[in-house]
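Report on the structure given below.
Here, residue 1 is the first one in the sequence, and each next residue gets the next number. Here the structure is a predicted model, which is why all the values come from computation and not from measurement. Atoms within each ligand, like the ligands themselves, are counted from 1 in listed order. Scope of the values below: all heavy atoms of this structure, side chains included, with no hydrogens, waters or symmetry mates.
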Amino acid sequence: MTEAIKSSLRDSKTARWVVLILVSLAMLTAYLFMEILSPLKTMVQNAYGWDNSQWGIVTGAQGYLNVFAGMLILGGIILDKMGIRFTAITSGIVMLGGAALKYYAFIAEPGGDILGIPSQVFLAASGFAIFCVGAETAGITVSKILVKWFKGKELALSMGLEMASARLGSALALFGSPRIAAAMDIPTPIMFAAILLLVGLILFLVYAMMDAKYDKEGEAVASESDSSDDFKISDIGHIIKNPGFWYIALLCLLFYSAVFPFYKYGPDLMVNKYGVDPAKAGDIPGWLPIGTMLLTPVFGTLYDRKGKGASIMILGAILLIVVHLIYWTPSLDTVGFAYLAVIVLGIGFSLVPSAMWPSVPKIVEDRYLGTSYALIFFIQNIGLMGIPILVGKVLDIMNPGVSDKLDAARESLKAQGLSASEVGDKITEMRIAGDLPNYDYTNTWLIFVGLTIAALFLAIMLKRQDKKSGYGLEKPNMA
Ligand SMILES: N[C@@H](Cc1c[nH]cn1)C(=O)NCC(=O)O
């Protein structure tokens with residue numbers, strides 16, 4: 001029996017690392033699709049005539065089903081009840097289905113309205129909303145997979161590497177998508193990213209085979225019966241009575257609202273404020289995920305060894321304020337400042353998550369951990385939905401007439417028989433030449449400044465609560 005356990009898959013270092021590679025690459029494809037449209041805002045608007053509010057409807061679709069239909073919570077329950085294999089494969093299929101619908105919206109260019117929204121916008125938003133249900137569920141499933149295979153071994157390292165791989169997916173989308181769209185057309189990068197999701201699904205299927213073998217070996221019984229990662233409705237009552245939970249959940253909402261929506265609007269800011277070529281719109285924001293890939297493990301190790309978790313979150317929030325102030329200040333309009341701000345953002349975006357996620361187990365009891373993470377992601381999704389919508393709306397309000405002028409030019413080009421891609425290219429040329437106006441982001445960017453100031457306030461409150469409740473956030477994680 002002992003021999004059988006020793007030779008189990010879990011004890012095989014090779015098997016563990018194969019699992020890590022499989023799920024990390026699957027998450028890379030998910031994060032890649034998540035940002036595939038983000039650097040194309042200028043091109044999409046020039047080609048299809050979406051205003052900023054419509055862009056907000058599509059990019060904020062992340063939360064429609066996850067928040068309003070409670071799909072993130074349902075995903076947690078399904079993971080708990082149906083297990084890892086079922087949930088991983090199902091989330092892969094859901095991501096692919098959503099991606100296919102989003103691709104259809106761009107390739108078919110459907111006319112008319114659905115529920116008062118242009119059909120193309122409605123279908124692209126619906127596809128993204130469905131994709132995000134799969135992506136968020138895949139995220140919580142992969143965390144559970146890593147706990148299953150790496151608990152008591154290289155767990156923190158495996159989580160860090162999986163996150164780094166996911167960030168690489170975001171970077172590939174930001175750098176690659178506009179280049180492919182400029183060389184081919186807008187639907188092509190979306191199609192490539194959808195094909196990669198199919199590869200991700202195949203990787204989950206291969207993982208499921210390994211997982212089945214692992215379970216057959218019988219060793220999983222012990223780890224599966226450790227229910228600390230499970231989602232339980234009954235836990236919610238206990239968790240929401242804990243003030244520390246609220247501080248960290250709201251900090252997560254504010255902090256991520258100031259960062260992930262930056263992917264959706266940052267590339268267009270680069271074009272409109274810094275005069276970057278739309279085919280390279282994602283290049284400066286693309287350094288953000290690359291920087292975090294390298295820095296998050298460094299700051300994570302620092303927190304493990306030296307502690308100061310609450311102080312790290314305060315410092316991260318201060319850096320974020322500096323970043324968004326740089327992007328907001330009208331006179332700081334040279335590309336050098338855009339790079340400087342993204343470097344500081346990279347440091348801030350590495351500091352906060354490296355301290356935030358490992359702090360949750362210090363605030364809530366182990367048995368509530370799975371439910372707590374699902375609830376935090378649920379609250380985070382409210383911001384990831386609301387902020388892109390708000391930014392789009394405010395941008396339209398602050399730029400009266402700009403979308404109308406672009407529309408008029410587009411209509412006259414369309415009347416000359418040009419395709420959407422050709423219209424987009426012409427409008428881009430006219431905007432670069434100054435014949436058509438750009439969007440002024442100045443006042444709109446104050447939304448991000450406000451979010452980061454609120455995040456700093458919450459981080460300070462969390463530190464105070466830590467002193468009061470003795471969570472030990474300032475203490476090292478390692479003895
Ligand atoms: N909600 C998840 C996944 C995600 C990524 N982009 C939008 N949602 C999350 O925030 N994971 C943590 C991270 O830092 O990526």
request  = Take Asn242 and Tyr471 through the test side-chain hydrogen bond (donor to acceptor under 3.5 Å, both in side chains) and record every step on the way to the result.
outcome  = CA-CA 11 Å; Asn242 182 341; Tyr471 299 132; 3.0 Å; yes

key: Ring centre gap for Trp445 and Tyr439 strictly below 6.0 Å   = no

request  = Kindly confirm or rule out an N or O of Tyr256 lying under 3.5 angstrom from an N or O of ligand 1.
outcome  = yes

key: Nearest non-hydrogen protein atom, atom 2 (C) of ligand 1   = Glu136 OE1, 3.5 Å

note = re atom 15 (O) of ligand 1, the protein heavy-atom contact at minimum distance is Tyr31 OH, 2.7 Å

task = Counting heavy atoms only, name the option from Glu35, Met356, Met27, Gln62 that's nearest to atom 8 (N) of ligand 1.
result = Gln62

message = Can you confirm whether or not the ring centre of Tyr48 sits under 6.0 Å from the ring centre of Trp55?
response = no

key: Atoms of ligand 1, numbered as shown, that sit under 4.0 Å from any heavy atom of Arg167   = 13 (C), 14 (O), 15 (O)

ask   = More than 12 heavy atoms of other residues, nucleotides or ligands under 6.0 Å from CZ of Phe175: is that the case?
value = yes

ask   = Quick check: does any side chain N or O of His324 sit under 3.5 Å from a backbone N or O of Ala258, one acting as donor and the other as acceptor?
value = yes

ask   = What residue and atom, counting heavy atoms only, is the protein's closest point to atom 6 (N) of ligand 1, and at what distance?
value = Phe260 CE1, 3.3 Å

task = Report the distance from atom CG of Leu462 to atom CG of Leu458, rounding to the nearest 0.5 Å.
result = 8.5 Å

N or O pair under 3.5 Å between Gln380 and ligand 1 = yes

The one among Tyr263, Trp357, Phe377 that brings a heavy atom closest to atom 9 (C) of ligand 1 = Phe377

